[in-house]
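All remarks here apply to the structure that follows.
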Amino acid sequence: MIELTRSGKNPLVIENPVMPAAGMFGFDGADYRDLVDMSKLGAIVTNPITWKARHAAHGPRVVPLPSGVLVHTGLPNPGISRAIKQYGARWAHSLAPVIVHLAATTPADVARCASALERCEGIAGIELGLHDQASPDEIRLNIEAALNNSQLPLLVCVPLYSAVESARAAQDAGAGGLVVAAPPRGTTRDLESGQLVGGRVYGPWLKPQALRAVGQVAHIAEVPVIGSGGIHSADDARDFIEAGAAAVQVDTVIWTNPHYLEVIARNLGGLELTRAVGALADEWEPGMGQTMWMARHSQFAPPPPDENAPSIPPPMPPDLPE
Amino acid sequence: MIELTRSGKNPLVIENPVMPAAGMFGFDGADYRDLVDMSKLGAIVTNPITWKARHAAHGPRVVPLPSGVLVHTGLPNPGISRAIKQYGARWAHSLAPVIVHLAATTPADVARCASALERCEGIAGIELGLHDQASPDEIRLNIEAALNNSQLPLLVCVPLYSAVESARAAQDAGAGGLVVAAPPRGTTRDLESGQLVGGRVYGPWLKPQALRAVGQVAHIAEVPVIGSGGIHSADDARDFIEAGAAAVQVDTVIWTNPHYLEVIARNLGGLELTRAVGALADEWEPGMGQTMWMARHSQFAPPPPDENAPSIPPPMPPDLPE
Amino acid sequence: MKHTQALIERVRRVSDHLQHLDLAVDRVLMQIKPGQSLFVTPQEPAAGSPYLREQWIPVELFPGRITVEIPARRVYAPGQILSVMAPVGSPIPIRSGIQRLLLIVEGVYPTPLMLLARQLMSGGVAVTLVLGGQATEYPLELLSPEIEILRSDTGWKWPEQMDTLNWADQVLVLAAANRQMEVYRHLYDVLRQLRPHDLPDHLVSGLFYPRLACGAGACQACEVPSNKDTLLACSDGPAIDLKKVQF
Amino acid sequence: MKHTQALIERVRRVSDHLQHLDLAVDRVLMQIKPGQSLFVTPQEPAAGSPYLREQWIPVELFPGRITVEIPARRVYAPGQILSVMAPVGSPIPIRSGIQRLLLIVEGVYPTPLMLLARQLMSGGVAVTLVLGGQATEYPLELLSPEIEILRSDTGWKWPEQMDTLNWADQVLVLAAANRQMEVYRHLYDVLRQLRPHDLPDHLVSGLFYPRLACGAGACQACEVPSNKDTLLACSDGPAIDLKKVQF
Ligand SMILES: Cc1cc2nc3c(=O)[nH]c(=O)nc-3n(C[C@H](O)[C@H](O)[C@H](O)COP(=O)(O)OP(=O)(O)OC[C@H]3O[C@@H](n4cnc5c(N)ncnc54)[C@H](O)[C@@H]3O)c2cc1C
Ligand SMILES: Cc1cc2nc3c(=O)[nH]c(=O)nc-3n(C[C@H](O)[C@H](O)[C@H](O)COP(=O)(O)OP(=O)(O)OC[C@H]3O[C@@H](n4cnc5c(N)ncnc54)[C@H](O)[C@@H]3O)c2cc1C
Ligand SMILES: Cc1cc2nc3c(=O)[nH]c(=O)nc-3n(C[C@H](O)[C@H](O)[C@H](O)COP(=O)(O)O)c2cc1C
Ligand SMILES: Cc1cc2nc3c(=O)[nH]c(=O)nc-3n(C[C@H](O)[C@H](O)[C@H](O)COP(=O)(O)O)c2cc1C
Ligand code: FES
Ligand code: FES
């Protein structure tokens with residue numbers, strides 16, 4: 001049992017410390033249903049939702065970086081009412097608790113979104129996303145708007161560059177928990193169009209910057225902290241926990257290797273301790289099961305249980321079909 | 001002629017927009033004398049210097065990152081007096097203008113360092129480095145300390161995360177020019193020692209974050225801006241110029257491929273336009289000349305000059321010795 | 001979508017700019033339909049391999065094997081193992097009873113339409129392919145000899161344009177990203193004028209291949225502007241009925 | 001320091017954990033002396049190649065060729081071209097008229113001392129090598145049979161320790177980074193007690209191999225704590241007279 005918001009009337013409690021970050025996993029996780037066992041995740045966080053519907057940005061939206069990617073989507077989403085209509089039933093029956101990410105556009109819109117969610121069943125909590133330049137006052141007004149219109153546990157996701165000040169403002173205004181941090185923005189040249197494109201930057205090299213911010217925020221936080229930024233392995237995730245995070249959010253590795261989300265969750269949830277010794281690699285690389293190699297793997301009959309066997313999964317057999 | 005500080009009594013003027021960033025090139029460039037032709041650089045920026053001598057940090061100081069490196073040196077330097085004694089003569093006779101980087105520890109120390117430099121010959125300017133959390137007041141006090149004790153042109157290097165506010169504070173306090181930006185700090189695990197290590201993070205993926213900051217600062221700057229952060233090629237450097245920088249500083253690629261500094265400088269200085277057509281690759285990959293391959297290259301006699309020849313350097317011949 | 005592995009069995013350079021890779025694949029991938037593609041990353045990436053997966057488009061299917069056509073500039077070798085997510089996208093919807101298919105390709109190679117053309121022709125459908133701009137540089141020997149080929153000019157006109165547009169009972173258009181909306185809108189306008197009272201569903205579709213981030217429908221970065229529902233190139237596309245597109 | 005290229009001519013796995021690479025190098029590199037090393041990065045890095053250059057230590061020199069000994073875990077192949085900066089570091093200073101050299105290696109492989117041992121032995125110097133901890137796992141067949149080998153225990157003691165220390169007219173010690181200062185200080189204290197009135201320069205030096213950022217003396221990240229001048233492992237080292245080290 002991991003508390004993600006300060007204990008009180010309505011804490012947000014999850015069973016596994018691993019979840020996707022907002023924007024990575026769609027509005028309900030259904031896009032990854034064949035690749036990720038959602039019952040193994042601590043929660044799912046939806047894509048950002050606003051009061052009014054928004055369309056995708058114009059121009060290049062996805063630009064490669066060295067070991068990473070710049071993404072400028074423009075927060076496309078159907079608006080809160082249609083989102084609830086489209087996804088509400090699935091949220092209510094989700095195998096993992098659903099945290100709805102609201103983009104904090106204006107306090108008035110946040111208020112409207114929060115009261116819409118308040119009337120909606122089966123939502124575990126709200127995560128409020130701030131824009132990069134949000135001032136402490138703006139943070140406070142948005143948080144008050146959410147708290148005054150909903151009893152749902154409230155997480156606030158702070159920008160990387162102002163993580164400490166924003167986290168302080170957020171917890172002072174009543175945030176139940178903090179997500180550290182939203183990825184930074186950058187500008188890069190899109191070689192296809194020749195244009196300079198601005199957007200959020202992602203990659204494994206983001207981890208040191210985020211990890212430092214988590215350490216700093218954990219130092220002043222009076223509420224639980226969720227670490228996020230560049231996590232690409234279970235070891236990465238553990239570094240955030242060691243730095244003081246109660247849980248972690250996984251970002252773009254979900255796009256490149258969706259099953260890592262489940263691998264990291266199983267790993268941090270201690271789930272690997274229960275697996276049968278000699279289990280095939282694909283139990284640990286979920287989704288890799290239905291390949292042509294499987295027939296060949298099955299010739300490696302699992303050895304008899306051995307209590308001294310190492311608990312790390314065996315490597316994939318290296319043989320190939322002729 | 002490129003002005004790096006606001007025009008006035010004492011502007012800092014350079015002839016090529018490319019120079020190393022502080023900390024990358026030593027105290028006088030002598031460490032790279034065999035690999036980089038300093039006369040081709042716009043300036044050299046020294047390693048950070050403080051009033052008192054400082055020793056290197058304890059524990060791991062250099063930790064690999066995905067496509068990059070985390071460095072935590074602890075600003076080792078001999079202190080301003082010994083630095084002047086050791087390097088002053090070479091600064092005075094440097095083939096490129098020397099900009100001395102002062103770490104802004106306290107205003108009193110900055111004052112002492114500035115007046116020591118004021119009495120020293122052949123220095124083109126001072127670059128003041130701020131620590132990451134420097135407040136606008138602190139920035140102002142340090143800049144005033146420098147300006148009150150020296151007539152030397154003053155550049156101020158601002159931290160990435162607070163680039164815009166710090167740049168505003170710096171130019172309001174009288175900074176002649178701005179360097180955008182000092183690289184961010186991060187935390188990573190050193191696999192050798194198992195420790196978490198904090199330090200500055202470098203790599204090509206830093207460029208989008210720095211480029212964005214340069215664009216933002218250029219928008220509000222009333223003084224020249226020097227762009228810095230993750231530049232690994234002439235195209236990278238040009239993106240900073242296009243974003244509004246008057247010049248650029250090159251960082252860790254100097255360590256991995258020292259000659260790139262000169263290649264970028266030649267490229268942005270338009271120096272390649274004057275080269276003989278058919279010149280050997282090693283004129284464009286300085287330092288690559290003394291290899292065993294050279295004997296073989298020389299069999300490719302330069303063709304007669306051709307005005308229509310492309311201005312990009314020819315690729316290295318692919319042949320290898322048997 | 002499934003996550004599987006594939007083995008590169010053969011690499012053939014088919015032109016200066018293109019190579020064909022024969023991939024040994026899992027049975028589940030044999031269900032792939034024209035329009036659907038593979039989302040690929042090397043099992044052991046080389047330096048400079050992109051961070052995100054790439055979209056690879058099948059041009060021929062065999063039992064247990066798929067041939068894809070990709071740019072020649074990146075080097076692959078037989079024996080390499082790929083991590084593959086598939087299928088990406090929806091099959092190109094084909095109108096029932098179709099007899100005459102018109103394909104229009106402008107400024108890019110017609111690769112994404114080759115599998116469809118091959119399959120429909122083997123079912124007796126007549127296929128006409130209009131190539132314009134860079135599309136004319138596509139190596140003709142890769143095209144089936146039964147395809148009728150026309151060339152469009154810089155004004156996107158080709159010989160007997162109205163006749164071919166009237167003749168076709170389905171039209172698919174593929175254009176380079178930088179002029180895509182312009183080309184699709186132009187063609188849509190022409191067709192609406194030709195059939196002012198009756199533009200059936202799927203009569204004319206455009207193909208969309210933006211760079212994909214997730215390829216799964218999650219990130220919404222590949223949204224195609226639409227007047228009604230959200231349309232995603234990676235899951236609703238690549239073929240989108242131009243009636244639904246907001247120009 | 002020069003920037004040159006080298007060609008991998010041969011790759012030999014010499015033990016479970018070590019490989020020898022024969023590098024065809026430029027003539028300027030043939031001047032390299034024991035203690036100096038190469039600062040290397042592949043001309044075409046593979047995925048996972050480190051961003052910074054690596055320090056490769058020569059174990060044998062031939063005309064136009066250098067053999068280096070590096071961990072077996074990274075895969076290199078004959079024909080690969082390396083970008084090499086060299087020489088990194090200063091030659092290990094050897095006292096004049098030396099007859100008896102004592103090498104002490106603790107917790108790491110003795111690779112960095114092999115070239116020196118070979119060269120001095122061929123000049124008639126007697127060499128004794130003390131191995132402790134992980135150093136004892138070094139494959140003995142890589143050592144010249146003329147070297148006398150002793151084993152130290154967990155208290156850094158070996159048979160007839162005082163005799164060997166008294167016997168030697170130069171001592172070089174190499175220890176793993178995590179216990180380096182501890183080992184070096186211990187040994188320095190023992191030697192100072194043995195020769196309270198007379199510890200000549202270079203009688204006992206420690207070797208320092210921190211991970212290098214620039215390898216050129218520019219970044220100062222490799223500073224070795226010293227009571228007087230700045231000492232850099234990459235340019236003043238790897239061998240530093242323990243008299244100059246601040247423990
Ligand atoms: C316009 C376009 C056409 C595509 N055509 C095909 C196709 O015919 N077959 C296929 O399997 N996948 C195709 N794709 C999918 C493509 O592989 C990926 O979506 C993605 O563009 C590659 O990632 P990248 O840009 O990071 O690669 P990069 O190597 O960084 O791309 C550099 C340039 O090459 C182009 N490019 C990269 N891969 C392909 C490619 N496979 N085909 C054509 N151009 C490419 C990019 O658009 C870009 O202009 C196409 C993509 C686009 C955008
Ligand atoms: C303790 C130590 C011993 C070294 N011994 C040698 C040597 O005998 N011959 C030589 O040519 N270079 C040696 N080097 C230089 C080494 O190649 C580089 O300085 C650097 O450590 C490699 O970069 P990395 O840590 O990013 O590589 P990584 O692959 O990330 O390093 C992972 C681990 O392997 C170790 N390692 C990496 N390269 C070597 C190596 N070549 N030898 C031994 N351990 C290595 C690292 O210390 C680290 O513990 C040594 C370095 C160190 C720190
Ligand atoms: C097989 C193939 C199919 C292509 N399909 C499309 C397409 O559907 N849409 C598009 O905008 N461009 C398409 N292109 C063109 C690419 O956008 C791009 O112009 C071409 O690959 C050159 O890119 P580069 O110069 O940036 O490497 C295609 C190119 C190839 C080779
Ligand atoms: C050839 C060789 C020489 C080494 N020399 C040193 C050394 O001089 N100093 C040191 O601290 N460690 C030295 N080591 C040990 C390394 O620091 C490290 O313990 C070993 O390479 C295992 O590292 P890893 O488990 O992190 O990969 C050496 C190792 C090898 C293989
Ligand atoms: S690429 Fe992510 S939704 Fe289509
Ligand atoms: S590694 Fe940079 S000074 Fe030694």
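In the text below, chain A, chain B and the rest are named by the order of the sequence lines, each starting its count at 1.
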In terms of heavy-atom pairs under 4.5 Å, which option from B:Pro258, B:Gly68, B:Ser67 contacts chain D the most? B:Gly68
Between D:Arg12 and D:Thr67, is there a side-chain donor-acceptor contact under 3.5 Å, judged purely by atom types and distance? no
Residue from B:Thr252, B:Val71, B:Ile254 scoring the most non-hydrogen pairs under 4.5 Å with chain D is B:Thr252
Just by distance, with hydrogens left out, do D:Gln246 and D:Ser226 show a side-chain donor and acceptor under 3.5 Å apart? no
Looking at D:Ser49, D:Gly217, D:Cys214, D:Ala218, which makes the most heavy-atom pairs under 4.5 Å with chain B? D:Ala218
By a 4.5 Å heavy-atom criterion (distance strictly below it), what part of B:Ser193 contacts chain D: side chain, backbone, both, or neither? neither
Measure centre to centre between the rings of B:His232 and D:Tyr51, then say whether the value is under 6.0 Å. yes
Please look at B:Arg33 and chain D and tell me whether the side chain, the backbone, both or neither of the residue comes under 4.5 angstrom of a heavy atom of that chain. neither
Count the heavy atoms of every other residue, nucleotide or ligand shown that sit under 6.0 Å from NE2 of B:His93, and state whether that count exceeds 12. no
Most chain B-contacting option - heavy-atom pairs closer than 4.5 Å, from D:Ala216, D:Pro225, D:Ser235, D:Cys222: D:Ala216
So do B:Val201 and B:Pro184 actually touch side chain to side chain, heavy atoms under 4.5 Å? yes
Would B:Arg90 pass as a cation-pi partner of B:Tyr87, given that its NZ or CZ must be under 6.0 Å from the six-membered ring centre and within 45 degrees of the axis? no
Listed by number, the residues in residues 18-28 of chain B that come under 4.5 Å of chain D (heavy atom to heavy atom) are B:Gly23, B:Met24, B:Phe25, B:Gly26, B:Phe27
Between D:Ser37 and D:Gln55, is there a side-chain donor-acceptor contact under 3.5 Å, judged purely by atom types and distance? yes
Heavy-atom pair count under 4.5 Å with chain D, highest-scoring of B:Val62, B:Thr73, B:Asn257: B:Val62
Donor-acceptor pair between B:Glu127 and B:Gln249 side chains, under 3.5 angstrom: yes
Aromatic contact, D:Trp56 with D:Tyr209 (centres under 6.0 Å): no
